[in-house]
There are 2 protein chains.
Amino acid sequence: MRIGELSERTGTPRRLLRYYEEQGLIVADRLPNGYRVYDESDVDRVAQIRGLLDAGLPTRIIKQILPCLDKPRVIHFPDATPEMLETLENERDRMTARIRCLTRNRDAVAEYLSVVREKLAAGPSA
Amino acid sequence: MRIGELSERTGTPRRLLRYYEEQGLIVADRLPNGYRVYDESDVDRVAQIRGLLDAGLPTRIIKQILPCLDKPRVIHFPDATPEMLETLENERDRMTARIRCLTRNRDAVAEYLSVVREKLAAGPSA
DNA sequence: TCGAACCCTCACATCGATGTGAGGGTCAAG
DNA sequence: CTTGACCCTCACATCGATGTGAGGGTTCGA
């Protein structure tokens, strides 16, 4: 598929698909006329990128963790330098911290909402 | 305490403490000379703000969810408009989505790391 | 009284993610 | 051949979070 379809299917502006490519997060083949072509797997990949961006990770980091989830179990770690492994470990820990923070606050918001809803159901205009 | 101490204890630049105040995330009393004064609870509050910012939430949203976790159980929902409740529900769901995305990817990174570590332990230079 | 170490406000700069549009090719259908 | 719907690159604009520094007060100890 070309960029327009991918944009529509992922709800992502074309501008951003090009930006993600520029940042090395996705690679697109080109037709002889220069048009980008994508395949089905790019739909998931873009969704993943957007999810991570939305969770606060910068493209620089996303670029590093994406290969870890590539393909089924084809771990191509020969190019894994010690610095890179350390970066990944740090990022794993940061993600864990984020998850904890988000969970705690999400639960608090959820509880607040349920209490308010309960009150509203009991005495609407009180 | 004044801004310098809070900055040091939270590892947050003074500039940002002032910025958070400007965004309505924290309120600081003032000494007669204009200096900001904070109390112990602000240390936790700043940590919470930073955690949420790091998790990708904008100050505008953080400002809305902070009151939900304020104090023990003093829910002051009289000023809870329907729009606000809807915003909170949306944000709760977005946080849940973020948590799922982060967890999935964190686990993948963690597994990648453990496999690589294992390989390295087995045949270091192979 | 002077200097160091605080604090203040204001304002411009940077950085990453994104919006927007100019200027211009490609291609299929009328 | 032309029009409309695609696509391209390039470049400037915006927005939120953050850096940086100018210009200036306050406090305190040497």
Side-chain angles (χ1 to χ4, degrees), chain A residues 1-39 42 45-66 87 91 94-95 97-98 101-102, chain B residues 1-39 42 45-66 87 91 94-95 97-98 101-102:
Chain A
M1 81 192 81
R2 281 172 308 176
I3 205 173
E5 186 179 343
L6 183 61
S7 167
E8 209 168 318
R9 289 179 59 185
T10 60
T12 307
R14 289 144 228 254
R15 169 73 173 87
L16 290 188
L17 294 177
R18 300 196 184 100
Y19 174 66
Y20 299 155
E21 177 179 342
E22 183 184 301
Q23 300 305 306
L25 304 185
I26 43 183
V27 279
D29 282 344
R30 298 294 183 124
L31 292 176
N33 60 16
Y35 289 12
R36 275 166 257 254
V37 274
Y38 304 91
D39 57 45
D42 288 318
R45 176 166 264 243
V46 169
Q48 192 144 37
I49 291 169
R50 302 223 95 203
L52 291 172
L53 275 173
D54 182 62
L57 279 75
T59 56
R60 165 179 42 89
I61 296 297
I62 295 175
K63 182 176 177 176
Q64 289 205 290
I65 79 177
L66 276 182
T87 300
E91 207 51 34
R94 283 172 60 80
M95 290 167 86
R98 266 185 263 249
C101 179
L102 276 173
Chain B
M1 82 191 80
R2 282 172 308 178
I3 204 173
E5 185 179 344
L6 184 60
S7 167
E8 208 169 319
R9 289 180 58 185
T10 60
T12 306
R14 289 143 227 258
R15 168 73 174 87
L16 290 187
L17 294 175
R18 299 195 184 101
Y19 174 67
Y20 299 155
E21 177 179 343
E22 184 184 300
Q23 300 305 306
L25 303 186
I26 44 182
V27 280
D29 284 343
R30 297 295 183 120
L31 292 175
N33 61 15
Y35 289 12
R36 275 164 257 254
V37 274
Y38 305 90
D39 56 43
D42 287 318
R45 175 166 266 244
V46 168
Q48 191 144 37
I49 292 169
R50 301 223 96 203
L52 291 171
L53 276 173
D54 182 62
L57 279 76
T59 56
R60 166 180 42 88
I61 296 297
I62 295 175
K63 183 177 175 177
Q64 289 204 292
I65 79 176
L66 275 182
T87 300
E91 207 51 33
R94 283 173 59 79
M95 290 168 86
R98 267 185 263 247
C101 179
L102 276 173

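Letters go in sequence order (proteins before strands), and every chain restarts at 1.
The side chain to side chain donor-acceptor pair (under 3.5 Å) test applied to B/Thr59 returns no partner, not counting sequence neighbours. Listed by chain and number, the residues in a salt bridge (Lys or Arg N to Asp or Glu O under 4.0 Å) with B/Arg2 amount to none (sequence neighbours excluded). Under the rule for a salt bridge (Lys or Arg N to Asp or Glu O under 4.0 Å), the partners of A/Arg94 that lie at least two apart in sequence or sit in another chain are A/Glu91, B/Asp54. With sequence neighbours excluded, the residues that form a side chain to side chain donor-acceptor pair (under 3.5 Å) with B/Asp39 are B/Ser41. Not a single side chain to side chain donor-acceptor pair (under 3.5 Å) links B/Tyr38 to another residue, sequence neighbours left out. B/Arg45 is linked by a side chain to side chain contact (heavy atoms under 4.5 Å, CB included) to B/Ile26, B/Asp42, B/Ile49, B/Leu66, B/Asp70, counting only residues two or more places apart in sequence or in another chain. Among residues two or more places apart in sequence or in another chain, the salt bridge (Lys or Arg N to Asp or Glu O under 4.0 Å) test is passed with B/Arg60 by none.
If you measure from atom CG of A/Asp54 to atom P of D/dG16, you get 16 Å, rounded to the nearest angstrom. Atom CG of A/Leu17 and atom P of D/dC7 are 10 Å apart (whole Å). Atom pair A/Ile61:CD1 and C/dC15:P shows a separation of 17 Å (rounding to whole Å applied). Between the C1' atom of C/dC7 and the CG atom of B/Leu31 lies a distance of 10 Å, rounded to the nearest Å. The distance from atom CD1 of A/Ile62 to atom P of C/dG16 is 13 Å, rounded to the nearest whole Å. Whole-Å rounding puts the A/Arg18 CZ to D/dC6 P distance at 13 Å. To the nearest angstrom, P of C/dC8 lies 6 Å from CZ of B/Arg30. What separates CD of B/Glu22 from C1' of C/dA11 is a distance of 12 Å, to the nearest Å.
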For residues 27-34 of chain A, run the donor-acceptor check on the side chains, cut-off 3.5 Å, and write out each pair with its distance to 0.1 Å, sequence neighbours left out.
residue, atom, partner, partner atom, Å
A/Arg30, NH1, A/Gly34, O, 2.9
A/Arg30, NH2, A/Glu21, OE2, 3.3
A/Asn33, OD1, A/Tyr35, N, 3.0

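Enclosure of atom CD in B/Glu8 is not indicated, since only 12 or fewer non-hydrogen atoms of other residues, nucleotides or ligands lie within 6.0 angstrom.
Listed here is the closest heavy atom pair of B/Leu52 and A/Cys101: N-SG, 3.8 Å.
Taking 4.0 angstrom as the limit, A/Arg36 places none of its side-chain polar atoms (N or O) nearer than this to OP1 or OP2 of D/dC7.
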When you check every protein heavy atom under 4.0 Å of nucleotides 17-27 of chain D, what one-letter string (B, S, -) results, 5' to 3'?
BBBB----BBS
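Remark on the helix from C/dT1-D/dA30 to C/dG30-D/dC1: inter-end axis angle 20°, axes from five-pair C1' superpositions, rounded to 10°.
The structure places OG1 of B/Thr87 at 12.0 Å from CD1 of B/Ile65, a figure rounded to the nearest 0.5 Å.
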Contacts under 3.5 Å, N or O only, protein and nucleotides 2-4 of chain C:
none

